[in-house]
Amino acid sequence: MPEGHTLHRLASALDRAYAGTAPVVTSPQGRFVEGAALLSGRLVEGAEAWGKQLFVTFEGDRILSVHLGLIGVFELSRYAGGLGCEPPPVGAVRVRLLNQFHVADLRGATVCDVVSPEQLDAIVARLGPDPLRAGQLGNDPERAWSRIARSGRSFAELLMDQSVLAGVGNVYRCEVLFRHRVDPFRPGREIRPATWRAIWQDLVDLMPIGVAFGQIITLDEQLDAARALLAEGDPAAYAVSWQGGLEGESRRVRRPAYESASPFERSYAVYKRTGEPCPTCGSRVRTQVVAGRNLF
DNA sequence: GTTTAATGGGTAT
DNA sequence: TACCCCTTAAACT
């Protein structure tokens, strides 16, 4: 379940697995048969993410455009044995990319289309700056600030608006508001410029760590440990493609490669901690549904 | 066996 | 603000 870090991690994993190869593209579920036919057998030029949008570019200006939505999963795994020996699709697999060593199965996405470069540009043009593309041309955080500074909408709402800021979802939103002690309901126009700059910089620091470990990490102790691991070495060590069930568990736990096994327990300051004590002051974390999403 | 929740977002009202 | 779509697995009966 995806925020921007998931999509960027997925894009680079797909890029490594498929760029320069011509995968067989199918739709075992049957709902993307025509699109699959447009792509199958063509050389993959690359994969990239913008915010929560994923694009896989095939030769001939045909681009697979995917948005995972709330529940979508693009499960990438390596298999041994070559074509014809791949694992059978399980569940509602809308798209399967298959080459000699890799299978990627897409399930539950809200968007899955073949688009042109012009359509890709139009999708990207609707997005605000992406903290995972910090420093890149045309990805200026001032664009987000100009929207925030003149908006009467709540800051919490603005952080989730992909046309203001691309890639942040509910977890990063809740956690970053907590980290900077910002009232979620304060209107954008009452946010101080220094507050916005600090939050943008924090996301620029935090989100690549999320990409490296395949997990949103926002607690300071975990961040310190994560930075130490990254400093001493090999983020690829965490790019494990399968996570088996724990010893004694009856059910096998499978995770997509881009989510990977992480050495960190999933733990947040406020997200999904309703009723539990604040890590700083001990008061109870409260929840309020804002436009259909749980704000903590 | 059925219901619900989930890190999203588009469209209608 | 409501409702719709996508799919799965955990949490309920």
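In the text below, chain A, chain B and the rest are named by the order of the sequence lines, each starting its count at 1. Note that these values count all heavy atoms, side chains included, but never hydrogens, waters or copies made by symmetry.
Remark: A/Arg186 fails to qualify as a cation-pi partner of A/Phe155 under the 6.0 Å distance and 45° angle criteria applied to the six-membered ring. Taking the ring axis of A/Phe264 as reference, the NZ or CZ atom of A/Arg266 does not stay both within 45° of it and closer than 6.0 Å to the ring centre.
Judged by distance alone, the side chain of A/Gln222 and the main-chain N or O of A/Ile217 form no donor-acceptor pair under 3.5 Å. Proximity of a side-chain donor or acceptor of A/Glu86 to a complementary backbone N or O of A/Gly84 within less than 3.5 Å is detected.
Residue A/Trp50 contributes atom CH2, which lies 20 Å from atom C1' of B/dG8 at whole-angstrom precision. Atom CD1 of A/Ile71 and atom P of C/dC4 are 15 Å apart (whole Å). Residue A/Asp161 contributes atom CG, which lies 11 Å from atom C1' of B/dG9 at whole-angstrom precision. What separates CZ of A/Phe74 from C1' of C/dT7 is a distance of 15 Å, to the nearest Å. Put simply, CG on A/Leu68 is 14 Å from P on B/dG10, counting in whole angstrom units. To the nearest angstrom, P of C/dT8 lies 14 Å from CG of A/Leu70. A/Leu127 places its CG atom 9 Å from the P atom of B/dG9, with the value rounded to the nearest Å. One atom, OH of A/Tyr172, and another, P of B/dG8, lie 12 Å apart when rounded to the nearest Å.
Regarding contacts with the backbone of C/dT7, a side-chain N or O of A/Arg94 is found under 4.0 angstrom from either OP1 or OP2. Close to C/dT8, at under 4.0 Å from its OP1 or OP2, lies a side-chain N or O of A/Arg107. Residue A/Lys272 has a polar side-chain atom (N or O) positioned under 4.0 Å from OP1 or OP2 of B/dA6. The phosphate of B/dG8 has neither OP1 nor OP2 within less than 4.0 Å of any side-chain N or O from A/Gln53. Contact annotation: A/Gln162 does not reach the phosphate of B/dG8 (side-chain N/O to OP1 or OP2, under 4.0 Å). Taking 4.0 angstrom as the limit, A/Arg31 places a side-chain polar atom (N or O) nearer than this to OP1 or OP2 of C/dC6. Contact check, A/Asn294 against B/dA6: a side-chain N or O comes under 4.0 Å of OP1 or OP2.
For A/Gln29, the side-chain atoms get nearest to C/dT7 when compared with the rest of B/dG9, C/dC6, C/dT7.
Within the 4.0 angstrom heavy-atom criterion, no nucleotide atom of any strand lies near A/Glu175. A/Gly169 comes within contact range of the sugar-phosphate backbone alone, with a heavy-atom separation under 4.0 Å but no base atom that close.
Nucleotides C/dC5 and B/dT13 are separated by 15 Å at their P atoms, to the nearest Å. Rounded to whole Å, the P atom of C/dT13 lies 12 Å from the corresponding atom of B/dA5.
Hydrophobic cluster membership of A/Leu137, counting Ile, Leu, Val, Met, Phe, Trp and Tyr whose side-chain heavy atoms lie under 4.5 Å apart directly or via other members: none, as it forms a cluster of its own.
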